[in-house]
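Quick caveat: nothing in here was measured; it's all calculated off a predicted structure. Throughout, a chain's letter reflects where its sequence line sits, starting with A, and its residues are numbered from 1. No hydrogens, no waters, no symmetry mates; every other heavy atom, side chains included, goes into these values.
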Amino acid sequence: MNSKQICFLSQVKVLYFARSADLTGLREEPVSVATPISGRGLWVELQRRHPSLSALQGALVLAVRQEFVAVDDDQPLLLGDGDEVAVVPPLSGG
Amino acid sequence: MNSKQICFLSQVKVLYFARSADLTGLREEPVSVATPISGRGLWVELQRRHPSLSALQGALVLAVRQEFVAVDDDQPLLLGDGDEVAVVPPLSGG
Amino acid sequence: MEPPDWPERRDVFKLCSDALSLQEVVEAARSPKCGAVSVFLGTTREDVVNGRKVIGLEYQAYESMVQSELSKLSRVIRERWPHVMHICLHHRLGWVSVGEASVIVAVSAPHRRDSEEAVQFCVTQLKALVPIWKKEVFEGGQCRWNENSE
Amino acid sequence: MEPPDWPERRDVFKLCSDALSLQEVVEAARSPKCGAVSVFLGTTREDVVNGRKVIGLEYQAYESMVQSELSKLSRVIRERWPHVMHICLHHRLGWVSVGEASVIVAVSAPHRRDSEEAVQFCVTQLKALVPIWKKEVFEGGQCRWNENSE
């Protein structure tokens with residue numbers, strides 16, 4: 001790691017819904033991520049842990065602390081321990 | 001009466017609703033009219049019987065056999081005994 | 001999408017002097033073929049006109065013509081929205097206290113755009129064309145025939 | 001017409017695993033200040049997909065985010081339709097058989113244009129933004145996650 005970069009490791013709670021829960025076999029899991037991290041960075045990390053999730057590529061967003069974040073968003077997000085990150089496949093409520 | 005004109009006398013049933021019932025003090029009455037008669041002719045005849053009805057002038061239509069007819073309509077209508085003619089003040093259903 | 005051929009399509013129109021039942025109107029409109037039921041419920045509003053408080057409404061109708069106008073209206077709706085399944089409309093007659101429902105309309109369709117548009121159109125046309133009148137009755141007993149402004 | 005200042009405005013949002021009550025939703029939305037309640041009832045449609053018959057739906061939600069998205073949605077509705085009084089939305093979770101209601105939304109306002117537009121907007125935004133998912137369950141037990149097409 002480059003010594004000029006300062007980053008922190010936070011343990012976030014990742015929630016899987018609908019097809020993403022089927023693909024990972026999980027409803028939720030704790031995940032350690034280097035923060036700040038972007039939506040894109042989170043999605044790369046989640047796919048690394050669960051390669052099956054790439055089946056959803058192009059058809060999902062994330063929710064970070066209950067706010068939607070695109071999986072190609074490069075805005076850095078500062079995450080704290082216990083923050084919720086959700087995988088949000090296409091919605092079908094109503 | 002001009003001998004070339006042929007007309008018949010029919011006894012129609014006139015129905016009064018809403019404000020027209022208040023103005024005439026009637027819910028219905030039998031009225032003899034020379035037929036064929038237009039919407040305009042019917043309205044003239046009804047006002048002759050009940051001058052108070054002219055308070056509704058400009059804000060009502062008639063219904064002849066349950067079809068709306070304007071009070072300035074000159075189309076002749078052939079009425080038979082027992083046909084319904086209704087005085088229809090501005091609607092306020094709903 | 002081809003308009004479906006549904007022999008079971010229902011029109012249910014009722015004038016009632018008792019309280020309207022929302023459940024009854026919606027049940028009459030529901031169908032297992034439909035994903036959407038749109039409903040309008042019109043109620044008597046608390047109102048003050050020129051300082052006088054409205055305590056209720058008194059409805060009157062030309063009943064036989066109400067039925068014929070509603071049948072015509074149903075034909076127009078089914079022509080414009082051929083996917084509409086059932087149409088149910090109940091309207092109060094006589095005395096209606098403030099807060100009570102005076103009309104309930106429910107329309108079902110497979111998809112909600114049709115039921116939404118049809119129920120709105122139905123209420124608009126009801127107010128414009130169906131021979132029903134209401135009188136506002138004020139505290140103290142005075143009253144005044146109303147006029148739909150739409 | 002000046003938007004009124006109504007301290008009693010209510011938002012009632014509920015996720016339920018039992019059958020929805022139309023009466024409860026509409027009662028929560030009614031107000032003596034309002035002449036109009038517009039209601040949408042979404043039901044599970046009898047459906048056949050690729051020759052397989054749908055017997056029901058299984059709903060799942062990100063419950064805490066549903067609440068926060070619905071609160072945001074209410075703020076947007078009240079900004080666009082300042083005359084809207086109450087907003088009530090109940091949504092089923094878990095198993096819903098064909099023919100049962102999965103969602104009921106009711107909105108009240110003094111006049112019907114506001115309640116009609118607001119209820120439609122509410123359902124559109126619910127489908128687009130509120131984290132709820134449904135799985136179609138077919139005869140024989142296969143199933144498939146659904147996707148709102150609007």
Looking at Trp133(C) and Pro89(B), would you say the former's side chain and the latter's main chain have a donor-acceptor pair under 3.5 Å? yes
Would you please go through residues 50-74 of chain C and name the residues with a non-hydrogen atom below 4.5 Å from one of chain B, in numerical order? Tyr59(C), Gln60(C), Ala61(C), Tyr62(C), Ser64(C), Met65(C), Ser68(C), Glu69(C), Lys72(C)
Please check if the number of heavy atoms outside Gln142(C) that lie under 6.0 Å from its CD is greater than 12. yes
Looking only at heavy atoms, what is the nearest atom pair of Gly94(B) and Ser102(C), with distance? O-OG, 3.3 Å
Minimum heavy-atom distance Ser92(B)-Asn148(C), with the two atoms named: CA-ND2, 3.2 Å
Determine which pairs satisfy salt bridge (charged side-chain N to carboxylate O under 4.0 Å, His left out) with at least one residue from residues 84-104 of chain C, sequence neighbours left out, and list them in order. Arg92(C)-Glu100(C)
Kindly compute the distance separating CD1 (Ile132(C)) from CG (Leu91(B)), expressed to the nearest 0.5 Å. 8.5 Å
